[in-house]
Amino acid sequence: MKDDARRRVAELRTLIAHHDRRYHVLDDPEISDADYDLLVRELRALEAGHPELVTADSPTQRVGAGPATSFSVVVHRVPMLSLGNGFTDDDVRDFDRRVRKLLGSDAPVEYAAEPKLDGLAIALIYRDGSFAQAATRGDGGRGEDVTASVAQIRGVPQRLAGAAPALLEVRGEIFMPLAGFRRLNEEMTARGEKAFVNPRNAAAGSVRQLDPEVTRARPLELFIYGLGDVAPAAPPRRQSELLGWLRALGFATSPLAATVSGPEACLDYYRRLAAERASLPYQIDGVVYKVNDRQAQERLGFIAREPRWALAHKFPAEEAFTLLRDVEFQVGRTGVLTPVARLEPVFVGGATVSNATLHNMDEVARKDIRIGDTVVVRRAGDVIPEIVAVVAERRPADARRIELPAACPSCGSAVVREEGEAVARCTGGFRCKAQRREALKHFAGRRALDIDGLGDRIIDQLVERERVRSPADFYTLEAGDLANLDRMGAKSAQNLVAAIAGSRATTLPRVLLGLGIRDVGEATALALSRHFGDIEALMAADEAQVQQVPDVGPVVAAHVVRFFADSANRQLIGALRERGVRWPVVPVVREEEAPLAGLTFVLTGTLAALTREKATEALVALGAKVAGSVSKKTSFVVAGEDAGSKLDKARALGVPAIDEQALVAAIRERKPPPT
DNA sequence: GATCCTCGAGTTCT
DNA sequence: CTCGAGGATC
């Protein structure tokens, strides 16, 4: 019986891998989505019955396994980045100052400016001049494949004009003009369907359509504003010329694009667009400035996920007045008490807002917010509601001050605010139901153990009934325990049990994150895992040893050591293991032992064999750092095709330059390149 | 000791 | 998305 299960599990995994490839890689599925789901479900069920057969590489362990979400995933060959935001004139001047400082020049910088459309960012790929693929931005690294629906948009050329490169990826914005938006909403209301709240949602909803015919009927337009990738590479040297080059290939670009010089000209452009905004046939939410010289862009590079050579200068967000009815204090998983404003619901920035965080008591004091006040609300970045200010003259006589409660609203334990800290915390720890509930949600969350289907609602009920007190209790749940919860049938109870069983095979960083050690997030959990390899080594370490981990200082080290000194926490880890939670030992990368430790690389020019990302990943794995600009501390500059000023600077500073082959050799042989 | 950057934690709405 | 704070750097 057991051997049968083992055999069938292996068979199912092979089958699923095969169909994944047909679907995602070859784009030529052999079986229907429903049949595919059946295979996955059978595997899940078998794994649920035999947790010892669950392995980390099982398809059930993958995030968003299979085409169940109905759009397949596209990994962007060049990440689709977001832009840094500016709101004030000084933000723009600061941006310009930083650009000049980094370029080492005092000459006025030329910028390509254009309106920032309020639509949906899209990447379009053309092969040999023919439209081949469209993908949404997604999280920047991977998006959704929307090729079929985007092909129906009239502004998307099926074939490019003139001499098109073998591979071309362009980036742009799909948007719905206001007139079309109004007409569409009239039609939809007339048909008894729900209208869209704003043109951006309408555009996004129209593109994310499984039925391309629906997209075809929607009044969508497209402006292209940039390049993702091109091979062979021959695009113009300036952003402004690039737009002309793209137009010659048959793409629409913004007719309002302009070239300006220096920050004051940027601001003039901004004011001109702000004045014109109301009369434009589509919605814009700001303007974008890009350093016009693309070689200079290259030199400026990126910080985190944002290019240093571009700025989105946003128009002020739409604001609204409403009444602050009450303030409640929420308890987070670490015990932090957060004041949350309960507002008279108000429609602002495309959604109805009824709650807004006040962050902490300092913030409340700074803005002098009181219950009963009329407040100005906006959605920061058009997403998170925020109280901007109170309207002092409308304050009623009986407005109440907001007081930090002395006792936790959930468990009644004392609330303390450490000297010099902005936040107040409940001291109840694990005895506090609210902290327990939030800690359990964190454990089950996507970044930690990723237990699909174990959402807030379910956890709330399990905590309320005291059926689950610690994360280890999840692994004792049976279908019967779940089936009598609200909104839970026998079928979904079974699925959830299977998902919990599936989460047993996991990784060390996920477990470390899930434990909820103070100040240990995703990045720190990964760094700790790489350094110690397994949890026993970490538990045995003292503060000095934990501080050896990159980016871990005295504060974080103390939190880690204190966590593992607590016998309840040691027991939790034992209990998790006992109930079948498993993770492979992580290959230890000790900084001092890593072959390229202490070396800093700078990549410049176009690499042929490797992408920039791959090269960075490989170097970091070997203990090296990869920086964006050349300095005295740079160990090697890797010069690819068309290497620019970084190479010049390296020569000036006497930094050794190597070519791509030397880089590849260094990675392969795991030793520093010869100088 | 000041400054820059990155990370963590908490949050909203659909 | 925002704020605060820890860590690294100059």
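This one's a predicted model, so the numbers in the text were calculated from it and none came from an experiment. Proteins get letters first, then strands, A, B, ... in listed order; numbering begins at 1 in each.
A distance of 6.5 Å separates CZ of A:Phe532 from CD of A:Gln545, quoted to the nearest 0.5 Å. In this structure, the separation between NZ on A:Lys290 and CH2 on A:Trp309 is 6.0 Å, given to the nearest 0.5 Å.
A:Arg518 places its CZ atom 10 Å from the P atom of B:dG10, with the value rounded to the nearest Å. A straight line from CD of A:Gln435 to P of B:dG10 spans 9 Å, rounded to a whole angstrom. To the nearest angstrom, C1' of B:dT6 lies 13 Å from CD of A:Glu522. Rounded to an integer number of Å, the gap from CZ of A:Arg425 to C1' of B:dA9 is 9 Å. Rounded to whole angstrom, the span from the NZ atom of A:Lys314 across to the C1' atom of C:dC1 amounts to 10 Å. Rounded to whole Å, atom C1' of B:dG10 lies 14 Å from atom CD of A:Glu386. In this structure, A:Arg378 atom CZ and B:dT11 atom P are separated by 20 Å, rounded to whole Å. The nearest whole Å value for the distance from the CG atom in A:Asp456 to the P atom in B:dT11 is 12 Å.
Nearest to the side chain of A:Thr524, among C:dC3, B:dC7, C:dG6, sits B:dC7. Candidate nucleotides B:dC7, B:dC13, C:dG4 were compared by shortest atom distance to the side chain of A:Arg366, and C:dG4 ranks first. Of all nucleotides listed (B:dG10, B:dT11, C:dA5), B:dT11 comes nearest to the side chain of A:Gln330. Considering only side-chain atoms of A:Thr352, the nucleotide from B:dT11, B:dT14, C:dC3 that sits closest is B:dT14. Comparing C:dA5, C:dC3, B:dT11 by their closest approach to the side chain of A:Ala422 singles out C:dA5. If you check C:dG7, B:dT12, B:dT11 against the side chain of A:Pro385, the one that comes closest is B:dT12. In the set B:dT12, B:dC7, C:dG6, the nucleotide with an atom closest to the side chain of A:Asn355 is B:dT12. Among B:dG8, B:dC13, B:dC5, the nucleotide with an atom closest to any side-chain atom of A:Arg308 is B:dC5.
At a threshold of 4.5 Å between non-hydrogen side-chain atoms, the residues A:Leu311 and A:Leu83 do not count as touching. A 4.5 Å side-chain heavy-atom check between A:Leu343 and A:Val353 finds at least one atom pair inside the cut-off.
OP1 or OP2 of C:dG4 lies within a sub-4.0 Å distance of a side-chain N or O belonging to A:Asn360. Within the structure, every side-chain polar atom (N or O) of A:Thr357 is placed at least 4.0 Å from both OP1 and OP2 of C:dT2. Put simply, A:Arg98 has no side-chain N or O that comes within less than 4.0 Å of OP1 or OP2 on B:dT3. In this model, the phosphate group of B:dT12 is not approached by any side-chain N or O of A:Ser354 to a distance below 4.0 Å at OP1 or OP2.
Across all strands, A:Val552 comes closer than 4.0 Å only to sugar-phosphate atoms, never to a base (heavy-atom distances). Within the 4.0 angstrom heavy-atom criterion, no nucleotide atom of any strand lies near A:Arg447. As judged by a 4.0 angstrom heavy-atom cut-off over every strand, A:Asn201 is placed among residues making no nucleic acid contact.
Two rings, from A:Tyr270 and A:Tyr289, have their centers 6.0 Å or more apart.
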As a quick check of understanding, evaluate side chain to side chain contact (heavy atoms under 4.5 Å, CB included) for A:Val99 and A:Val291, giving each step before the final call. CA-CA 8 Å; A:Val99 165; A:Val291 171; 3.9 Å; yes
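Of the two residues contacting DNA chain B, namely A:Arg342 and A:Arg333, the nearest-nucleotide position lying further toward the 5' end is that of A:Arg333.
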